[in-house]
Amino acid sequence: MKTTELRVTLGRLAAGIALLAGSATLQAQNAPVPMDKAEAPKYGGTLNIATIYYTISALTWDPADWNWKANHDTGQYFEQLFAADLSKSRKYGGKHPFVADAYLPLDAVRGELAESWKWSENPLRLEVKLRQGVMFPEKKGVMAAREFNAEDVVASYNYLNNSPKKIPQYFDHVTKVEATGKHTVVFTFKDYFAEWDYRFGWGYYSGIQPKELLASGAGIKDWKTHVGTGPFQLTDFVNGNSTTFTKNPNYWDKETLSGQSYKLPFVDRVVYRTIKDEAASYAALRTGRIDMHENVRWSAVDELKKNAPQLKWSKTLAWSGTFLSMRVDQKPFDDVRVRRALNMAVNKQEIVKTFWGGNAELFAYPQHPDYVGYFEPLSSMPESVKELFTYNPDRARKLLAEAGYPNGFTFKVQVNANSPVHMELAPMVGAYLEKVGVKIQIEPLEYGAFLSRMTSKTNSAGYFMDNGHTNPTTTIRKSFVTGQTWNPSQWADPAYDKKVSVMYAERDEGKRQQMLKDMTREIVDKAPYIWLPTPYVFQAWWPWVKNYDGELRAGAVRPGPIYARIWVDQEMKQKMGFK
């Protein structure tokens, strides 16, 4: 099968347009790609990064505990069945920026640990052939070096599926996962599910761990026990300071550039720098102590460009929606009039202009504008939705009075103390609310405690947060389906839950898109959140960082495959006066 035919078939399969009923096998290949300016890669050196999450250290190393941050960190060494096909990136002339937090376009998925896969029906099954010769390196006290096999995939799935912290219903579409050969895994499905590839293929709960590590019980929570098949291995962790990944000399994958194949990774080390102070992180970038900064606020850009004019830049619309959630299971937020009133009381256009300096979009959540076919702009929304984004304090006061709160009320709002932006933005929102008689009591919490409030459903009536869009289907499910973990408003509507279930079972992507448009309109209109603007964020890197153009993720917040393909021109760095 030709590579182009493979990608078309895979795209249709993932979209549910044409589920394969026969035994046609989808081969996963890395297509050769042109190399920018014909530069040959250079091996060695250290890549120092202030990642998107540079203010936050890992709280746990167990992917079942804190899946998104763990995926971001362990994704350097825990590989997955599928990953982004980075040969489709814009730097190679492709159309994909690879910046979405957990969305891979249908034509941009490749096999990572999966070499090929095929579908059959009656029963609905996915048979995955695994790469042979992929090795786990030795980890003293944990395991000897050995070849990766199908039992590792089964053990990884079972560990996550049996976790008491598992997201409710996450793997309910799968009836069993079994190793039918040393390098063959079969997934038997209860029914068709539109997110089959994301859920255990390249998503948050997809890292393949050695069965020895999983059998060690509590040991998986200790970073010192971790080992994987990926391009780097975790070799040091200093909480609040740094996370160090060292080159895996026996890594299996290669990169083809200008017709020549190169062994990966190129750099010897990748270091995540944890810097809680925003100004300190920009100073580290300006002085070359970090090579890449993936999350620069707009207000710092001009100064950095002035003081470090050789920096290279990219700009993306953030992949996290900002909002103030209101618990609908508590008064006064069980009344939609109150929730709508608070939306109208906040001057969102002014926030775009003054707080974000124009570097934000008024409406880009819960769907993201890059979700072509799923996103509807505010201009296409019903008038009742547009009203929520129009500053109207008089209308807000009237609604509050109708709901029985003519003198307003006071409520607590929990805020992530590790987010400089939120610590500034929350009081600004509070000032608008106070003009209509509503006062907020801000409770800053360190991120671990902040996140725990939501996951344990003990969060306060107000909860100020960013929440990743994830992908066009998950953005609705995770926040607005009854009992879901990332549901700070505690939204619970059986009729809405049913619509989500029907959407997931629909094989036709066009029909799913319309369903999601309708559900998005409905939930925005019911206003469980004060919907706030979505900002643009900037990425900056020095010119000695090669084979990079602002890519951020090669799966669900997983940058590992991207970093493995970057090299550092150490000679250029020295000539520019940096060590």
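These values consider heavy atoms only, across backbone and side chains, with no hydrogens, waters or symmetry-generated copies. We number each residue from 1, following the sequence as shown.
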Indicate yes or no: at least one non-hydrogen side-chain atom of [X] is less than 4.5 angstrom from one of [Y].
X: Tyr262; Y: Thr256; value: no
X: Leu257; Y: Pro41; value: yes
X: Val270; Y: Ile49; value: yes
X: Leu213; Y: Thr225; value: yes
X: Asp253; Y: Pro231; value: no
X: Asn241; Y: Thr274; value: no
X: Trp61; Y: Asp73; value: yes
X: Glu79; Y: Arg558; value: yes

Treating [X] as the side-chain partner and [Y] as the backbone partner, does any N or O pair qualify as donor plus acceptor under 3.5 Å?
X: Asp152; Y: Phe148; result: no
X: Ser163; Y: Leu160; result: no
X: Thr520; Y: Leu516; result: yes
X: Thr316; Y: Ala318; result: no
X: Asn418; Y: Tyr447; result: yes
X: Thr474; Y: Asn471; result: no

Considering residues at least two apart in sequence or located in another chain, which fulfil the ring-ring contact (aromatic ring centres under 6.0 Å, His included) criterion with [X]?
X: Phe193; result: His173, Tyr504
X: Phe578; result: Trp542, Trp544
X: Phe78; result: His226
X: Phe355; result: none

Can you sort out the partners of [X] under salt bridge (Lys or Arg N to Asp or Glu O under 4.0 Å), two or more places apart, ordered by chain and number?
X: Glu294; result: none
X: Lys305; result: none
X: Lys517; result: none
X: Asp466; result: none

- Query: Is Lys95 paired with Asp107 through a side-chain N to carboxylate O contact shorter than 4.0 Å?
  - Reply: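 Here Asp107 pairs with Lys95 in a salt bridge, since their nearest N and O are under 4.0 Å apart.
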- Quick one: NZ on Lys91 to OG on Ser314, what's the gap to the nearest 0.5 Å?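 Here the interatomic distance stands at 11.0 Å.
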- Message: Rounded at 0.5 Å granularity, tell me how far CD1 in Ile275 sits from CG in Leu285.
- Response: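 Nearest 0.5 Å value for the CD1-CG distance: 9.0 Å.
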For [Y] together with [X], are the ring centres under 6.0 Å from each other?
X: Phe171; Y: Trp196; answer: no
X: His293; Y: Tyr54; answer: yes
X: Phe363; Y: Trp531; answer: no
X: Tyr43; Y: Phe266; answer: yes

- Message: Please evaluate residues Arg565 and Glu255 with respect to the criterion salt bridge (Lys or Arg N to Asp or Glu O under 4.0 Å), reporting the C-alpha separation (whole Å), side-chain torsions for both, the decisive distance (0.1 Å), and the verdict.
- Response: CA-CA 7 Å; Arg565 288 161 172 77; Glu255 181 79 337; 3.0 Å; yes
- Glu571, CD: over 12 other non-hydrogen atoms inside 6.0 angstrom: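 Counting other residues, nucleotides and ligands, CD of Glu571 stays at 12 neighbours or fewer.
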- Return yes when atom NZ of Lys224 has more than 12 non-hydrogen atoms of other residues, nucleotides or ligands closer than 6.0 Å, and no otherwise.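 Result for NZ/Lys224: open.
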Salt bridge (charged side-chain N to carboxylate O under 4.0 Å, His left out) pairs, two or more places apart, involving [range]:
range: residues 281-293; result: Asp291-Lys573
range: residues 47-58; result: none
range: residues 260-269; result: none

- Message: Consider ring-ring contact (aromatic ring centres under 6.0 Å, His included). Of Tyr159, Tyr157, Tyr205, Tyr170, which one does Phe200 pass it with?
- Response: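 Exactly one candidate clears the test, Tyr157.
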When the side chains of residues 98-105 are checked against the rest of the protein, which donor-acceptor pairs come out under 3.5 Å, sequence neighbours left out?
unit_1, atom_1, unit_2, atom_2, d
Asp101, OD1, Thr470, N, 3.0
Asp101, OD2, His469, N, 3.0
Asp101, OD2, Thr470, N, 2.9

- Query: Can you list the steps and then say if Arg297 with Phe538 is a side-chain contact (heavy atoms from CB on, under 4.5 Å)?
  - Reply: CA-CA 7 Å; Arg297 206 193 319 190; Phe538 295 78; over 6 Å; no
- Task: Give the ring-plane orientation class for His422 versus Phe464, where under 30° counts as parallel, over 60° as perpendicular and anything between as tilted.
- Result: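 Taking Phe464 first and then His422, their aromatic rings stand perpendicular (interplane angle over 60°).
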- Residue pair Phe323, Tyr529: steps toward the ring-ring contact (aromatic ring centres under 6.0 Å, His included) verdict: CA-CA 6 Å; Phe323 54 82; Tyr529 302 160; 3.8 Å; yes
- Item | Stepwise side-chain contact (heavy atoms from CB on, under 4.5 Å) check, Tyr563 with Phe245 | CA-CA 11 Å; Tyr563 299 157; Phe245 306 92; over 6 Å; no
